[in-house]
Amino acid sequence: MGAGDAVRLTLLPALHLKAAYEYTARLPEAEEIFGDGALLAANTGLRSERSHNANLGVELVDLDSAIGRLDASAQLFYRRTRDLIFLSQVLDSARYENISDVDTQGVDLGVRWTGFSVLTLGASGTWLAAINRSDSGWFGRFEGDRIPNLPYLVGNLEAAVALPLPAARLERLRLYWYGRAVHGFYLFWESEGRKDGKLAVPDRFTQDVGVSLRSRGGRLTVTGEARNVTDEAVFDNVGVQLPGRSLPVKLEVAL
């Protein structure tokens, strides 16, 4: 069972204050209970995850001025989670277990500016602290630690130019660049072992560039990208591989 509600207060035509609360429950998935018969062990005693979630935010929407349009938002969030379903790992195997008490608090920030009808600039970021508050059981020895194998600082950047080209029978030519930064984080509990020898997912910064051509009337769109253009070594949660540089091309036809 779960329940929740939200309220939105308009302070000015473009300025809004938002607040929300919900109580949620998440049932374990089949693989989390029974494993995969190989590297992921079963845990048939896994309990449902329950959490109290609160959010408070302010947003600026479609604020027009002589130099363009501005959108911005800031949000504080808090999660009190009981029996968090957590992938507990050793070097050659893993299984899902419950962490009895976890506090998560954080901040989301974002801003986007569109100027002169052709230029878009944007930035966003998230910081969170997911802290183990269990004071007993196996995870009690790690009380006060961040939850491992979880990024806690992420940022995104965006720049795009969209130009109409009627002489070339194009409705739009769009050039864009995306950047994404993720702060490094430990693979295992931060208080266990020597920090200078601990396994960690390192800092990473990836960039994508692309060009999109749309025909007059929008019937045909061709997009070419260079993802991870600098061919950085990128990492994610255990078992999830991310590619290096790739060069996809996408063709869209509206019938």
Side-chain angles (χ1 to χ4, degrees), residues 4-22 53-79 105-128 151-183 204-230 246-255:
D5 204 354
V7 61
R8 184 182 189 214
L9 178 64
T10 299
L11 304 176
L12 296 170
L15 184 64
H16 310 283
L17 183 66
K18 301 191 299 181
Y21 166 80
E22 61 179 353
N53 310 314
N55 302 273
L56 179 63
V58 60
E59 62 179 6
L60 193 65
V61 181
D62 291 341
L63 180 63
D64 289 315
S65 69
I67 61 172
R69 188 187 71 206
L70 180 67
D71 297 277
S73 64
Q75 178 175 257
L76 304 175
F77 58 87
Y78 175 76
R79 310 282 185 267
Q105 54 191 332
V107 181
D108 274 323
L109 300 172
V111 61
R112 174 174 289 182
W113 173 74
T114 302
F116 314 110
S117 300
V118 297
L119 177 63
T120 299
L121 300 174
S124 63
T126 298
W127 170 85
L128 65 85
Y152 61 89
L153 185 59
V154 178
N156 299 279
L157 297 170
E158 171 191 3
V161 177
L163 300 171
L165 293 177
R169 296 187 177 181
L170 293 176
E171 180 180 295
R172 186 189 68 182
L173 165 68
R174 184 173 182 265
L175 304 170
Y176 58 89
W177 170 87
Y178 297 129
R180 177 174 174 82
V182 181
H183 195 284
R204 59 189 186 269
F205 180 67
T206 56
Q207 303 177 70
D208 303 336
V209 295
V211 57
S212 177
L213 304 173
R214 177 181 293 177
S215 67
R216 187 179 300 171
R219 297 291 298 275
L220 179 66
T221 303
V222 180
T223 302
E225 286 187 333
R227 297 178 182 172
N228 191 6
V229 64
T230 55
S246 59
L247 304 170
V249 176
K250 181 170 66 175
L251 176 65
E252 296 179 61
V253 180
L255 303 177

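Looking at every heavy atom in both residues, W127 comes nearest to Q105 through CZ3-O, 4.0 Å. When all heavy atoms of A162 and P164 are compared, the pair lying nearest together is O-CD, 4.1 Å. In this structure, G57 and L17 approach most closely via the heavy-atom pair O-CD1, 3.3 Å. The two atoms that bring E171 and G217 nearest to each other are OE1-N, 3.4 Å, heavy atoms only.
Atom CZ of R112 has 12 or fewer neighbouring heavy atoms from other residues, nucleotides or ligands inside a 6.0 Å radius.
Taken to the nearest 0.5 Å, the CG atom of L153 stands 8.5 Å off from the OG1 atom of T126. Annotation: the span from R204 atom CZ to R180 atom CZ amounts to 7.0 Å, rounded to 0.5 Å. Within the model, atoms CG of L121 and CH2 of W177 stand 10.0 Å from one another, a figure rounded to the nearest 0.5 Å. One distance of note links CG of L60 with CG of D71; it measures 7.0 Å at 0.5 Å rounding. To the nearest 0.5 Å, atoms CG (L170) and CG (L163) are separated by 11.0 Å. The CZ atom of R8 sits 4.0 Å away from atom NE2 of H16, with the distance rounded to the nearest 0.5 Å.
A distance-only check finds no donor-acceptor pair linking the side chain of S212 to the backbone of R174 [under 3.5 Å]. Judged by distance alone, with hydrogens and angles left aside, the side-chain atoms of N53 form no donor-acceptor pair with the main-chain N or O of Y21 at under 3.5 Å. A donor-acceptor pair under 3.5 Å is formed between the side chain of R219 and the backbone N or O of A254.
Under the 4.5 Å side-chain criterion, counting only non-hydrogen atoms from C-beta, L9 is not in contact with V7. Between N156 and E158 there is no side-chain heavy-atom pair separated by less than 4.5 Å. Residues V111 and L109 fail the side-chain proximity criterion, which asks for heavy atoms closer than 4.5 Å. Using a 4.5 Å heavy-atom cutoff, the side chains of T221 and L213 are not in contact.
Ring-plane geometry between Y176 and Y178 is classed as tilted, the angle between the planes lying from 30 to 60 degrees on a 0 to 90 degree scale.
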Query - Step-by-step salt bridge (charged side-chain N to carboxylate O under 4.0 Å, His left out) determination, R69 to D62 - result: CA-CA 6 Å; R69 188 187 71 206; D62 291 341; 3.5 Å; yes

Report task. List the steps, then state whether side chain to side chain contact (heavy atoms under 4.5 Å, CB included) holds for L251 with L220. Result -> CA-CA 7 Å; L251 176 65; L220 179 66; 3.2 Å; yes

Query raised in the report: Hey, mind stepping through L119 and W113 against side chain to side chain contact (heavy atoms under 4.5 Å, CB included) and telling me if it holds?
Result: CA-CA 8 Å; L119 177 63; W113 173 74; 3.6 Å; yes

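Taking 4.0 Å as the cut-off between side-chain N and carboxylate O, R227 and D208 do not count as a salt-bridged pair. E225 has no carboxylate O lying under 4.0 Å from a charged side-chain N of K250, or vice versa, which leaves the two without a salt bridge.
Remark: N228 engages no residue in a side-chain hydrogen bond (donor to acceptor under 3.5 Å, both in side chains) (not counting sequence neighbours).
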